[in-house]
Colleague: 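Right, I'll just put the structure down here and ask away after.
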Amino acid sequence: MQNKFFYDEPNATSQLASSLLYLLPSSTHIPIVFLCIGTDRSTGDSLGPLVGTMLEQKGILPFLVYGTLKDPIHAVNLEDRLKDIHQQHKRAFIIAVDACLGRVKNVGMVTIEKGPIKPGAAVNKNLPSVGDAHITGIVNVSGFMEFFVLQNTRLHLVMSMAETIATGIYEAGIQLKKHQRLASLQTNELKYKLFE
């Protein structure tokens, strides 16, 4: 399973979808939450809310989505929103989506991995670790004046990366729905045979 790829690779969305399906819990009773972190006040940091907004526009998914351009989850409200999510969705499997900075040669790279991320680390913010898994997109270069770099990231790159990530998540959602429907049919068929 390849968990790192560039957003503009020909099969980037299908790679993300298969990587995501591999990480998801097998139980259909565990709510899956996408927590899209960032703010629309900074171009580079708008990756998460853009993904959240695009997912909302794509239609019904077997996932819950928090963090959009209209209602962003950022440094100021992250802890409160996390508490709300944990109260509303017991035992939820949370996938954090966030922008990050990296090396020049890795700008445009999307990574999907098991385990939490530490949002705000690039700009020295002390925020709680988030997620059972995470998707990050390297939107610009780290190492110098990170806040300024995030503010001056090209919107075209961030929009394109967000579209790849959102489409990959949507594809995973369609495949998961098919799998759940098939599992439900098999369960019903088994029940029917037992009562014959």
Side-chain angles (χ1 to χ4, degrees), residues 2-17 19-20 23 33-58 63 65-78 81-82 94-131 133-172:
Q2 189 178 353
N3 67 336
K4 292 184 181 188
F5 44 86
F6 285 92
Y7 77 95
D8 55 355
E9 287 177 26
N11 58 344
T13 55
S14 56
Q15 282 184 62
L16 191 138
S19 298
L20 183 56
L23 289 175
V33 173
F34 279 88
L35 188 71
C36 303
I37 302 163
T39 174
D40 59 344
R41 292 173 185 262
S42 165
T43 314
D45 204 22
S46 65
L47 180 71
L50 277 167
V51 169
T53 300
M54 289 174 182
L55 284 173
E56 278 195 343
Q57 292 167 349
K58 285 184 183 290
F63 309 131
V65 178
Y66 290 88
T68 60
L69 291 172
K70 185 179 179 183
D71 188 17
I73 295 175
H74 44 66
V76 177
N77 67 4
L78 177 64
R81 295 303 297 276
L82 267 175
I94 296 176
I95 300 150
V97 181
D98 199 7
C100 64
L101 301 173
R103 294 160 73 180
V104 175
K105 67 176 186 176
N106 293 335
V107 171
M109 183 177 278
V110 175
T111 301
I112 175 165
E113 290 182 317
K114 204 167 183 66
I117 57 166
K118 192 91 171 113
V123 286
N124 299 316
K125 286 188 177 163
N126 188 23
L127 298 170
S129 296
V130 179
H134 62 271
I135 300 170
T136 54
I138 299 175
V139 297
N140 215 325
V141 183
S142 65
F144 181 68
M145 294 177 71
E146 276 82 356
F147 183 77
F148 183 74
V149 167
L150 278 171
Q151 293 281 12
N152 288 278
T153 297
R154 289 201 61 214
L155 181 59
H156 175 74
L157 171 68
V158 180
M159 290 284 289
S160 302
M161 290 180 77
E163 185 58 50
T164 294
I165 294 167
T167 304
I169 293 168
Y170 183 71
E171 281 182 21

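Not measured: the values here are computed from a predicted model. Residue numbers start at 1 and run along the sequence shown.
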Colleague: Do Cys36 and Val51 have side chains that approach each other closer than 4.5 Å (heavy atoms only, starting at C-beta)?
Modeller: yes

Colleague: Got a donor-acceptor contact below 3.5 angstrom from the Ser129 side chain to the Pro116 backbone?
Modeller: no

Colleague: Begin from the C-alpha positions of Val139 and Leu101 and carry the test side chain to side chain contact (heavy atoms under 4.5 Å, CB included) through to its verdict.
Modeller: CA-CA 6 Å; Val139 297; Leu101 301 173; 4.3 Å; yes

Colleague: Nearest 0.5 angstrom please: Leu47 CG to Ser42 OG, how far?
Modeller: 11.0 Å

Colleague: Is it the case that Glu163 and Thr167 place a side-chain donor and acceptor less than 3.5 Å from each other?
Modeller: yes

Colleague: Would you say that Asn140 contacts Leu150 through its side chain, given a criterion of any heavy-atom pair below 4.5 Å between the two side chains?
Modeller: no

Colleague: Between NZ of Lys70 and OG1 of Thr53, what distance do you get to the nearest 0.5 Å?
Modeller: 10.0 Å

Colleague: With sequence neighbours left out, write down each residue that passes salt bridge (Lys or Arg N to Asp or Glu O under 4.0 Å) with Asp71, or none if nothing qualifies.
Modeller: Arg81

Colleague: Once ring-ring contact (aromatic ring centres under 6.0 Å, His included) is applied, do any residues pair with Phe63, and if so which ones, sequence neighbours excluded?
Modeller: Phe34

Colleague: With rounding to the nearest 0.5 Å, note down the distance linking CD1 in Ile138 to CZ in Phe6.
Modeller: 7.5 Å

Colleague: Can you confirm whether Asp45 sits close enough to Asp98 that some side-chain heavy atom of one is under 4.5 Å from a side-chain heavy atom of the other?
Modeller: yes

Colleague: For Glu56, what residues pass the side chain to side chain contact (heavy atoms under 4.5 Å, CB included) criterion, not counting sequence neighbours?
Modeller: Thr68

